[in-house]
Amino acid sequence: MYLEQQKKLAAAVRAFLREKYQLDLANVVIEQPPSVEMGEFALPLSFELAKRLRKAPRKIAEEIVAQLALPKGFEKLEVAGAGYINARLKRDIAAQALVRNPATARTTHEGEGAADVSGKILVEHTSINPNKAAHIGHLRNAILGDTFVRLLRQAGHPVDVQNYIDNTGAQVADVVVGFAHLEKKSKPEIAGIIASNQRFDYYCWDLYARVSQWYEKDKENLEARLETLHAIELGENEMADIAELVSIVVLRRHLETMDRLGIEYDFLPRESEILRLHFWDAAFQQLKDKGVLYLETEGKNKGCWVMARPAAKKPDDGGQERSGPDEDAKVIVRSNGTVGYVGKDIAYHLWKFGLLGRDFGYQKFYQYPNQHEAWISAEQGEPEHPHFGGVAAIYNVIDSRQSDPQNTVIEALRLLGYTEQAAHYTHFSYEMVALTPRCAMELGYAVKDEDRAKSYIEVSGRKGFGVKADDLLDALINAAKVEVDSRHPELNEGRRAVISQQIAIGALRYFMLKFTKQSVIAFDFKEALAFEGETGPYAQYAVVRATNIFRKAGSEPEQALAADVDYARYFADESGTEIWELWLLAGKTSFVVEQCIATTEPAFAAKHAFQLAQQFSNFYHRHHILNEADEGRKKFLLATAAVVRRELSNVLGVMGISVPSVM
RNA sequence: GGGCCCGUAGCUCAAUCGGAUAGAGCAUCAGCCUUCUAAGCUGAGGGUUGCUGGUUCGAUUCCAGCCGGGCCUACCA
């Protein structure tokens, strides 16, 4: 409702400016006045025009207000302040539109940036090394990614969700080293551990940390990693078999953990197939043919195939030609002929855009309770499979520490001449989750004096330092269960468990989404386990209360929406203005979804959900609906509750938060 | 050394391409449960938006410099 009217207003203003002043404004700024009593939209454009038209802002505003033909659904325009133009909607018409069409209805995408594509969109997230349990940092990644997927789907985009698995790297090798050198376990013995251990990823978590210590104790122990890495790449040996076993089992655990949060994947491409299907060879050929890579013949990178760094601005050395090798160039292929991580990533991204000329094999791997299948890459896959790759746009949800290599891949695409694809490649970058020193000490970690003064300490899987995802979720579920048990002893155990789970997930997902991406989350149990204030459960509770009204009334929200309500009458007075503000906020859902997509910032949705819940709680407290004597007004209040309930549920749904039946 | 990010209330965070009186939550204090559930509501206190300049009708936002903090910057993966 809000978005449609805003767009109509913008179009009308743009057309008017073109005709009247021969001005072409690319984007007309429209915001909201400080108070809804001043109208629904505010245009500060007279200030901008003042200089160009050599007139006072207020004068321009008056001219526009007098002459602009109002779009349908608008009441009037007014000049306010020093020259703002405020627009008023016809509240009753807007309300009726909202009653009929949810504000979450699909929108079109004209000029919406990277998501302005007609084809399929690929979102890659999670991508945890399959050698240890997932921790809170991985949770932020997966929740951001999954929410973005839901946002895109809400807006009508077809989306494939991928989770990249680096199953041949040093991290998996380290755990294999742990089994072979520290624990002296054979493959069957490891299989025994797996069979007897529900959370094998936890076992690996500890082992991985021990291996890291072992390396530190004696640098010569690092030899074991190299040997193991080599063996894994070679294949057909026990080390490689162990690596495969460990990575597959840990991967399955990750999928189970994420499944607890309602996060699903369509495809799991693995590095092992990128190697064995020789993706790099095809990419290398293209890169050489187009001169993106060149063979360095001098300096420290002699014998390597390198690429000039995208961000590297050559220092201004007074116009002199720099001589000698570009030491700052990025090494893609080492002098011993092996390709680095970035090279493989370039090949992988050529595949994503359908530019590689090769494809994975595909095998079914994991079935979700709702029958949805996650597929995994394979050397030789099943004959029948869905088609992945060849997409129009990609979003890689990867933390900000990876922005350098990400930019290198984008630059490689651009240099290869794939400028369109490079423009539709988005590094969805976010900051890490760290622990507060207090939290670290609570968990029993030794915190160095120098770290105690810091506001946060970086999580490290290598050191086994962090909060495991399943542990956090368990703690949240237990905390929620205590509350639910005491509030609803009349419900059976199974239902209480389901509700506790919904609340825990709501709390966790909201917590991870309420921070903007560039903010480091300093994790603290006290805040993460909160169910009051700006939290997921607070928003869920608002919906539950709205639902209770209808339950008590013995009617359905749908009836309240279909009822014949005299909106014009009840919106007219002062109390009506207050309630109108709530409707307006509820009508902003599609606007918020679009904003989240355009800025790759899901936090807007979280903030919006909270605001809507807050205003509804206020409304709920102020108006006792079922006691309302005036039947017409009662219908009006019921419709309000129904609209807010529907929109708030939808926004929460986009965030992957479901609403319990009772709380 | 170079690149990216951050600095806003006691704490954790918002602030829609620069807009009207910088807003929330937590914590503290004072109120509200015979009412559709108190996981809620109302109120109070709490701010030189790190510092100094600049651009602008208008700066938390943009630019420059400084101060403080974080991350990245290997022929590792």
Side-chain angles (χ1 to χ4, degrees), chain A residues 26-27 29-35 38 42 44 47-48 50-51 56-57 80-84 129 166 168-174 222 225-226 229 271 296 300-304 306 309 311-313 315 328 331-336 338 340-341 344 399-405 407 429 431-432 434 436 454-456 458 480 483-484 487 503 507 514-516 518-522 524 526-527 530-535 537-538 540-542 544-553 591-592 595 598-599 601 603-604 607 610-611 614 617-618 620-627 641 662-663:
Chain A
N27 45 358
V29 176
I30 300 186
E31 49 201 38
Q32 268 191 270
S35 152
M38 302 169 81
F47 302 113
E48 201 184 329
K51 194 173 285 177
Y84 283 95
N129 280 306
D166 181 359
T168 60
Q171 301 213 26
V172 169
D174 286 344
L222 281 164
R225 172 199 270 175
L226 269 182
L229 262 175
E271 183 161 87
E296 183 60 80
K300 71 177 172 100
N301 294 336
K302 184 176 178 185
C304 299
V306 302
R309 247 173 229 281
K313 285 193 195 96
D328 205 35
V331 172
I332 305 295
V333 181
R334 301 176 197 114
S335 53
N336 66 6
T338 58
Y341 178 80
K344 284 178 262 189
D399 76 62
S400 63
R401 287 171 289 196
Q402 298 284 329
S403 65
D404 238 41
N407 286 335
S429 169
E431 273 293 345
M432 62 185 173
T436 61
K454 292 182 179 172
S455 54
Y456 54 81
E458 192 173 354
E483 283 296 318
V484 175
R487 285 163 197 251
I503 292 170
K514 77 176 188 181
F515 301 91
T516 53
Q518 74 274 13
S519 158
V520 175
I521 298 181
D524 196 282
K526 187 169 151 281
E527 273 181 70
F531 296 148
E532 290 168 17
E534 195 195 338
T535 65
Y538 174 91
Q540 291 171 314
Y541 188 58
V544 168
R545 286 173 133 188
T547 306
N548 284 346
I549 297 170
F550 294 100
R551 197 198 344 261
K552 199 82 166 189
F591 171 79
V592 171
Q595 190 185 24
T599 56
E601 181 52 273
F604 288 124
K607 293 290 170 193
F610 176 64
Q611 268 181 33
Q614 205 175 29
S617 295
N618 194 306
Y620 177 90
H621 186 259
R622 204 168 305 202
H623 306 279
H624 203 282
I625 299 177
L626 299 182
N627 284 357
V662 295
M663 276 179 82

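In what follows, every heavy atom counts, from backbone to side chain, and hydrogens, waters and symmetry copies are set aside.
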Identify whether any heavy atom of Lys300(A) sits under 4.0 Å from a base atom; if not, whether one sits that close to sugar-phosphate; answer base, sugar-phosphate or nothing. base

Looking only at atom C1', what distance separates G47(B) and C4(B), rounded to whole Å? 29 Å

Take atom P in U21(B) and the same atom in G68(B), then report the distance between them in whole Å. 35 Å

Say we look at U48(B) and A30(B): how far apart would their C1' atoms be, to the nearest angstrom? 30 Å

On a whole-Å scale, what distance lies between the C1' atoms belonging to G18(B) and U61(B)? 6 Å

Test log, rule side chain to side chain contact (heavy atoms under 4.5 Å, CB included), inputs Val172(A) and Asn129(A): CA-CA 7 Å; Val172(A) 169; Asn129(A) 280 306; 5.6 Å; no

When only distance counts, do a donor and an acceptor, one from the side chain of Ser403(A) and one from the base of C4(B), lie under 3.5 Å apart? no

Could you walk me through whether Phe531(A) and Gln540(A) satisfy the side chain to side chain contact (heavy atoms under 4.5 Å, CB included) test, starting with their C-alpha distance in whole Å, then the side-chain angles of each, then the deciding distance to 0.1 Å, before giving a yes or no? CA-CA 10 Å; Phe531(A) 296 148; Gln540(A) 291 171 314; over 6 Å; no

Is the distance from OP1 or OP2 of C36(B) to the nearest side-chain N or O of Asn627(A) less than 4.0 Å? no

U28(B) and U12(B): how far apart are their C1' atoms, nearest whole angstrom? 16 Å

Candidates Gln614(A), Arg622(A), His621(A) - the one meeting side chain to side chain donor-acceptor pair (under 3.5 Å) with Asn618(A): Arg622(A)

Residues Arg401(A), Asp399(A): salt bridge by 4.0 Å N-O rule: yes

Just call it for Phe47(A): base, sugar-phosphate, or nothing, with non-hydrogen atoms closer than 4.0 Å on any strand. base

By nearest atom, which of the nucleotides C75(B), C36(B), A14(B) is closest to the Cys304(A) side chain? C75(B)

Does Val306(A) reach a base, just sugar-phosphate, or nothing at all? Heavy atoms under 4.0 Å. nothing

Kindly point out which of A39(B), C5(B), C13(B) is positioned nearest to the side chain of Pro537(A)? A39(B)

If the cut-off is 4.0 Å, is Asn548(A) near the phosphate of U37(B), judged by side-chain N/O to OP1 or OP2? yes

With a 3.5 angstrom cut-off on both distances, give the Watson-Crick or G-U wobble partner of C71(B), or none if there isn't one. G3(B)

Respond yes when some side-chain nitrogen or oxygen of Arg551(A) is under 4.0 Å from OP1 or OP2 of U37(B), and no when none is. no

With sugar-phosphate meaning primed atoms plus P, OP1 and OP2, does Asp399(A) contact a base, only sugar-phosphate, or nothing at under 4.0 Å between heavy atoms? nothing

Hunt down the Watson-Crick or G-U wobble partner of C62(B), both distances under 3.5 Å, from any strand shown, or write none. G54(B)

Plane angle bin for Phe47(A) and Tyr84(A) - parallel if under 30°, tilted between 30 and 60°, otherwise perpendicular: perpendicular

Using only heavy-atom distances, determine whether the side chains of Asn548(A) and Arg551(A) contain a donor-acceptor pair under 3.5 Å. yes

Nucleotide by nucleotide, nucleotides 20-25 of chain B touches protein heavy atoms under 4.0 Å in the pattern (B base, S sugar-phosphate only, - none) B---SS

Side chain of Glu483(A) - closest among C36(B), A39(B), C71(B): A39(B)

Any Lys51(A) side-chain nitrogen or oxygen under 4.0 Å from OP1 or OP2 of C57(B): yes

Which part of the nucleic acid, if any, lies within contact of Arg487(A), taking any heavy atom under 4.0 Å across all strands shown: a base, the sugar-phosphate backbone alone, or nothing? base

Over how many whole Å does the gap from Phe531(A) atom CZ to A38(B) atom C1' extend? 17 Å

Taking the side chain of Asn618(A) as its heavy atoms from C-beta onward, which of C36(B), U42(B), C72(B) lies nearest to it? U42(B)

Just checking Phe604(A): base, sugar-phosphate only, or nothing, at a heavy-atom cut-off of under 4.0 Å? sugar-phosphate

At under 4.0 Å between heavy atoms, what does Tyr538(A) touch on the DNA or RNA strands: base, sugar-phosphate, or nothing? sugar-phosphate

Could you tell me whether Val484(A) contacts a base, only the sugar-phosphate backbone, or nothing, with contacts defined as non-hydrogen atoms closer than 4.0 Å? base

At under 4.0 Å between heavy atoms, what does Glu458(A) touch on the DNA or RNA strands: base, sugar-phosphate, or nothing? sugar-phosphate

Rounded to whole angstrom, note down the C1' distance from G70(B) over to C63(B). 23 Å

Across the strands shown, which category fits Ser617(A) at heavy-atom distances under 4.0 angstrom: base, sugar-phosphate, nothing? sugar-phosphate

Please determine, for G47(B), whether a Watson-Crick or G-U wobble partner exists with both distances under 3.5 Å, and give it or none. none

P spacing across the pair G50(B) / C11(B), given as an integer number of angstrom: 13 Å

Considering only atom C1', compute the distance from C67(B) to A14(B) and round it to an integer number of Å. 25 Å

What does Ile503(A) touch in the nucleic acid at a heavy-atom separation under 4.0 angstrom: a base, only the sugar-phosphate, or nothing? base

